Amino acid sequence: MKAITWHGKHDVRCDTVDDPAIVNPRDAIIRVTSTAICGSDLHLYDGYIPTMQKGDILGHEFMGEVVEAGPKSSLNTGQRVVVPFTISCGSCYHCSKTQYSACENANPADNQDIGREGYGHPMPGLFGYSHMTGGYAGGQAEYVRVPFSDVGPLVIPDESIPDDKVLFLSDILPTGWMAAENAEIEPGDTVAVWGCGPVGLFAVQSAFLMGAERVIAIDHFPHRLELARKFGAETVNFEESKVYEALMEMTGGIGPDAAIDCVGLEAHGAFADNIIDQIKASTFLGTDRIHAIRQVILATRKGGRVSMPAVYGGFVDKFPLGALMEKGLTLKTGQTHVQRYLQPLYAAIAEDKIDSTFLISHRMALEDGPLGYQKFHDEQDSYTKIVLKPGQAAGATAA
Amino acid sequence: MTDSEMRSRTAGQDDAPVTASKTADPDRKLLAEAVTINRPARELYDFWRDPTNLVSFMDNIVSIEPIDRDRSRWTVKAPAGREVSWESVITKDVPGEEITWQSAEGADVANSGRIEFRDAGRRGTVVRAVIAYDPPGGVIGELVAKLFQREPRIQTRRDLRRFKQLMETGEIATNARNPRILAGEGK
């Protein structure tokens, strides 16, 4: 089969690789019909996430049709499913508490030591996201082996709902929703969202659904700010305005009640601390540029809540730990417990309460995946989201 | 030497297990690893008590053949395609709670150990393995390296994780994309 594979920094290819097959009783094999390139895939593309190996198959947002099911899978051949990016066993203590991304069993035993050394505990199992998270083959491919297929995939029974509407249930939609949930939004709150990429835009929508009175969205790409405005957010362009000063004036000196960092370790911008962070990253003294989360902590109101869905990889310094404590902030973070949100968010999509298609700017053939990575990386204002369609003719990029 | 005997040597109050001691100097290499498994203690004990079940989740074991109720012969992969075996004897058995074993006289790698199953309420069962062995050098050292892949503690931890995966999910997690790749990886 064909698959998008990682070969190093800024080097992804469309290779021909071995087909997947059933290995364990709970497995299923999915023929991929739609798969997206995620913002966090750019962290792999830029070489920030350790333990990638040449030839690893990328992709963790995908959906398709079941073509084979193991004897203990609950799926049936022919079913249409969206697959969560988190691989979860459904049987361990953490899964029983619906903390699916903390699953103890999905990451193979030998790979668990990698995360344990860096983070104190093993990482969860994720599709297509390094050997630290299990070394599983990802979904930017014609076919995928889905372990624990009786726990993760959501069956989409309504054939009239197109892929575009439900694909993002696999990651960015529940991630945006959990980001807002972790911000513990109360009716009447003012919520600030840093970053208007896909997760940020879903966080904006989710915050309003949870009762926020005002949402202030922060970014520097005009098109992304325009999308945020479409959902009712006020916007701040950090290239044109000072973010802290703007937020203080807009909130009468109080600061936002809750803040959501949807930026993560590759923050843009030429701030002094940002430049230092970039130098450290390029000299392997550190991997994370934490400009966004610093600003979040300084701007959030006293006693407020900070939600950090953004991906960070390692250790940082110049972290405003004092402000976090002195202001009495609550910080909640984590990989998304995707399975927890699948049913309610599917219902919200079916009832047109959440719009998930506005984001897609480009559809490409799987073979054009490498071009897609480059465009998504270099032209983020116009390439808001790329969906790869295995089977579509190569070169036929469609908006 | 038991945990409590070892612990009584330490000054002051310290509830940490002796296997985490910075100062204890046992006459054999000593290690412990613990894992919590979301199943009842008795079920886990019963599975572990049948030595033929252990092959399914322990790496590098070729076979474990029962001799009688308390004795079994372990055959393990060794360097250069060789195999080595020894007889293991259960010396203490508390059904549902713990099993203690030691290698019979003349073993190439003298080893002994205990597996404990402690009820952990709504979390299931805490399974703790304590293993003591003589760290040999030379050819036998190579064998030990192979037997435990990198070091005994890591291998014990991985074996316990696979045990947990098997008991909680009915299978052992693998990232192999298909059975051919799985076979190529040797596990």
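Heavy-atom basis, side chains included; hydrogens, waters and symmetry copies ignored. None of these values were measured; they are calculated from a predicted model. Residue numbers begin at 1 in each chain, while the letters A, B, ... track the order of the sequences.
- With hydrogens and angles ignored, the 3.5 Å screen pairs no side-chain donor or acceptor of Arg26(A) with any backbone N or O of Glu171(B).
- Nearest heavy atoms, Asn175(B) versus His131(A): ND2-ND1, 4.5 Å.
- Asp19(A) is not listed as a side-chain neighbour of Asn178(B), based on a closest heavy-atom distance of 4.5 Å or more.
- Heavy atoms closer than 4.5 Å to chain A are found in the side chain of Arg157(B), but not in its backbone.
- No donor-acceptor distance shorter than 3.5 angstrom exists from the side chain of Ser91(A) to the backbone of Thr169(B), with no hydrogens or angles considered.
- Residue-level contacts of residues 134-145 of chain A with chain B, in order of numbering, are Gly134(A), Gly135(A), Tyr136(A), Ala137(A), Arg145(A); threshold 4.5 Å between heavy atoms.
- Heavy atoms of Val151(A) lying under 4.5 Å from chain B are absent altogether.
- There is no contact between Ile29(A) and chain B, counting heavy-atom distances below 4.5 Å.
- By the 6.0 Å contact criterion, NZ on Lys2(A) is open, its count of non-hydrogen atoms from other residues, nucleotides or ligands being 12 or less.
- Identified by a heavy-atom distance below 4.5 Å to chain B, contributing residues of residues 69-82 of chain A are lacking entirely.
- Every pair passing ring-ring contact (aromatic ring centres under 6.0 Å, His included) that includes a residue from residues 60-93 of chain A is listed here, sequence neighbours excluded: His60(A)-Phe85(A), His60(A)-Tyr129(A), Phe62(A)-Phe127(A).
- To the nearest 0.5 Å, atom CZ of residue Arg177(B) and atom CE of residue Met1(A) are 5.0 Å apart.
- The candidate with the highest count of non-hydrogen atom pairs below 4.5 Å against chain B, out of Cys92(A), Gly90(A), Cys89(A), is Cys92(A).
- Looking at every heavy atom in both residues, Pro179(B) comes nearest to Ala21(A) through CD-CB, 3.7 Å.
- Interface residues of residues 99-107 of chain A toward chain B, defined by a heavy-atom distance below 4.5 Å and sorted by number: Glu104(A), Asn105(A), Ala106(A), Asn107(A).
- Closest non-hydrogen pair, Arg158(B) versus Asp113(A), comes out as NE-OD2, 2.7 Å.
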